[in-house]
Amino acid sequence: MEFLNHFGPVFSLSSMAILCAGTVGGLLLGATPGLSPTMAVALLIPFTFHMDPAQGLMLLGAAYTSTVAGGAVSAILLKIPGAPANIATALDGYAMARKGDGAKALQMCFVSSAIGGVIGIMVLIFLTPVLASWALGFGPSHLFWIAILGVTIIGSLDSRSVVKGLLSGCIGLWIATIGYDTIQGVERFVFTDHLEGGVNVIAALIGLFAIPQVIDMLENGRNPQRMSMMDVRRHPVLESIREVFSKVRALVVGSVVGVLIGLIPGAGGQIAGIVAYDQTRKFSPNRDRFGTGESEGVVAAEAANNAMVGPSLVPLLTLSVPGSPTAAVLLGGLLIHGIFPGPDLFTTHAAVAWTFINSMLVGQILMLAFGLYIARLAAHVVRIPAPILAAGILVLAVFGAYSVQHSMGDVFVMCGLGIGMYFLAAFGFSPAPIVLGVILGPIAESNYVQGRIIAGAGDGLFVYFCTGTLNIVLITLCLASVGYSAISELRLRRREAGQAAA
Amino acid sequence: MSDFQGIANRWQQSVPAGMVVMLALWVTFVSFDVKDPQPYLFPRLISVAMLGLSLMAFARALGGRNRTGRGLHSRTLRNIWPGLAVMAVYVFLAAEWLGFYTAGAAAFMAIYTLYDPNPHNTPGIWIKRLLITIGFMSVMYCIFALILRVQTPRGLLV
């Protein structure tokens, strides 16, 4: 219980001011499409130079947790996930917003984010040494299958056709291979100079989600009856809190999945949200309502992507192994302040380490408070007339895509992918599997190549990738997710055919 | 969002499905037609899956069993083309030629004006549009130039 001794510095006036600034800044940056948690933390590092180490890390920790939750704002109100971790949130959150429940969806999102976040940080506090060794047990074959699992789940989830969903996932995986091969430096599928550096994940995320949304808003031309996008009904906060706590299954599944996936180096919040959403749907009696505005989906996805935050720091703090790009940036922040994470971090720099972790706990409460306030403002966002919103999102998308690498190539790619996605979406293809393919492609490829090298020196490819308990479990999950969705699709078609005949 | 809801017909389903088959064929061809297979090991794996799935989607589309997607209607295309044109000019031409902020303001104003249901012959409406554009671009300038210090391309103007 040593951590209890280090709460004092968190509640000092200057620390609370820093935490509030980090939380509000993180929520706003997270809600801006294109500004991912990684970028938010990276942008804030220079501000920490002149702070003492504990306060500098507080700022970064608060920004990390709140950007993950803030990404849900644009996912719910505009169907544009602020970060990859919020892709699953958009599936039901936006459908809720379209029904007029945008404020309720946001309130439930922040409450479940805070619960998941607190659980994740409690895991970080109490189980760090035990879980660090477990996390290191994941080899290339397991990480390869985890990446494939992410694609198969989203492919079979976010589409009325499993074939089109999986095909979208494959297109995403292919897009991820464009550019230079990381091992030999060979150009692959590069047919214009702008693709030499590959397709940037954030540019792809913005393009595939934001641009089709912009074009969608323009579909009705100058129709005066379509001036505003949707209504937002006021919803009492206490009722939302009560409703979140009534979704125990979604909260538990989301938090457990988030914790487990957060521990695995490289897996990331985007998989956590999707796996949690999928598992909750499978166990829910309302599974048919998922995708049409079922609040359980929002709760599971948000609990998972925030529960992931604490455990994702376990390998970083105990073994110096950053488990995610954001953790790698945080490692930079730690090193700048002369703190070298590792097994002795909690003895040599105990005060800084525990103050940092405690501040993340307090940061969750602040995130909840500020988030609920932001939810009240949702009505103003969605009442903006469609032409202004469309024009604003377009300009913001261009600036967001450009700011990632200061490259016009990213802007061209973003725009090209977005226009292509609009036409593909009209024929039943979905952006989420494509984006997840782009995100998970490099993870799948690097682990596949590493696995081949290891397999070559051992018993061969099949034995390495397809045997062993964990491999078999992951392969079974991949097949089960596809099989389950194929059966669901078949049932849905039969039901529709029956209704049509009646 | 759109007023035009429905399901794409067999013809509308088959054309994009066929285009995806062509894409998958090209990816497969490029992945297998190389001297050094090492960099293409993973793309080969994907291309085979992609080809199989795209052929399935194409066969289902031809058989009329692909009942997803709302399709495209001529009225939709008529409505979106001005917006697409503004987007293309803004992104591929004006952003670098005019300057990022100026082009952004022009694109914002153009889309807002083209799709604003209010009449174009009232000076008050034009002033409102101009003020909203200036306000929005000021916020963008504060975020990206002053706070995030993003160096945007300069053209004839800012």
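Convention: sequence-line order gives letters A, B, ...; per-chain numbering from 1.
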* Test item: A:M408 and B:F100 side chains (from C-beta on) under 4.5 Å apart, heavy atoms -> yes
* To the nearest 0.5 Å, what is the distance between CZ (A:R222) and NE2 (B:H120)? -> 3.5 Å
* To do: Please state whether the side chain, the backbone, both or neither of A:Y448 comes within less than 4.5 Å of a heavy atom of chain B.
  => side chain
* **Sub-4.5 Å side-chain heavy-atom contact between A:D181 and B:Q38** => no
* Would you mind listing every side-chain hydrogen bond (donor to acceptor under 3.5 Å, both in side chains) that reaches into residues 39-63 of chain B, with sequence neighbours excluded? => A:E489-B:R60
* So, for A:F399 and B:Y101, is the gap between ring centers shorter than 6.0 Å? -> yes
* Asked: Is it the backbone or the side chain of A:Q184 that comes under 4.5 Å from a heavy atom of chain B, or both, or neither?
  -> side chain
* Which residues in residues 172-180 of chain A have a heavy atom less than 4.5 Å from any heavy atom of chain B? -> A:L173, A:W174, A:T177
* Atom pair CZ (B:F42) and OG (A:S446), whose distance is rounded to the nearest 0.5 Å -> 9.0 Å
* Asked: Got a second to check how far B:I143's CD1 is from A:S403's OG, nearest 0.5 Å?
  -> 10.5 Å
* **Engaged part of A:V163 at the chain B interface, taking heavy atoms whose separation is under 4.5 Å** => both
* **Straight-line distance of A:N220 CG to B:N79 CG, nearest 0.5 Å** => 7.0 Å
* Asked: Rounded to the nearest 0.5 Å, how far apart are OG1 of B:T152 and NE2 of A:H406?
  -> 9.0 Å
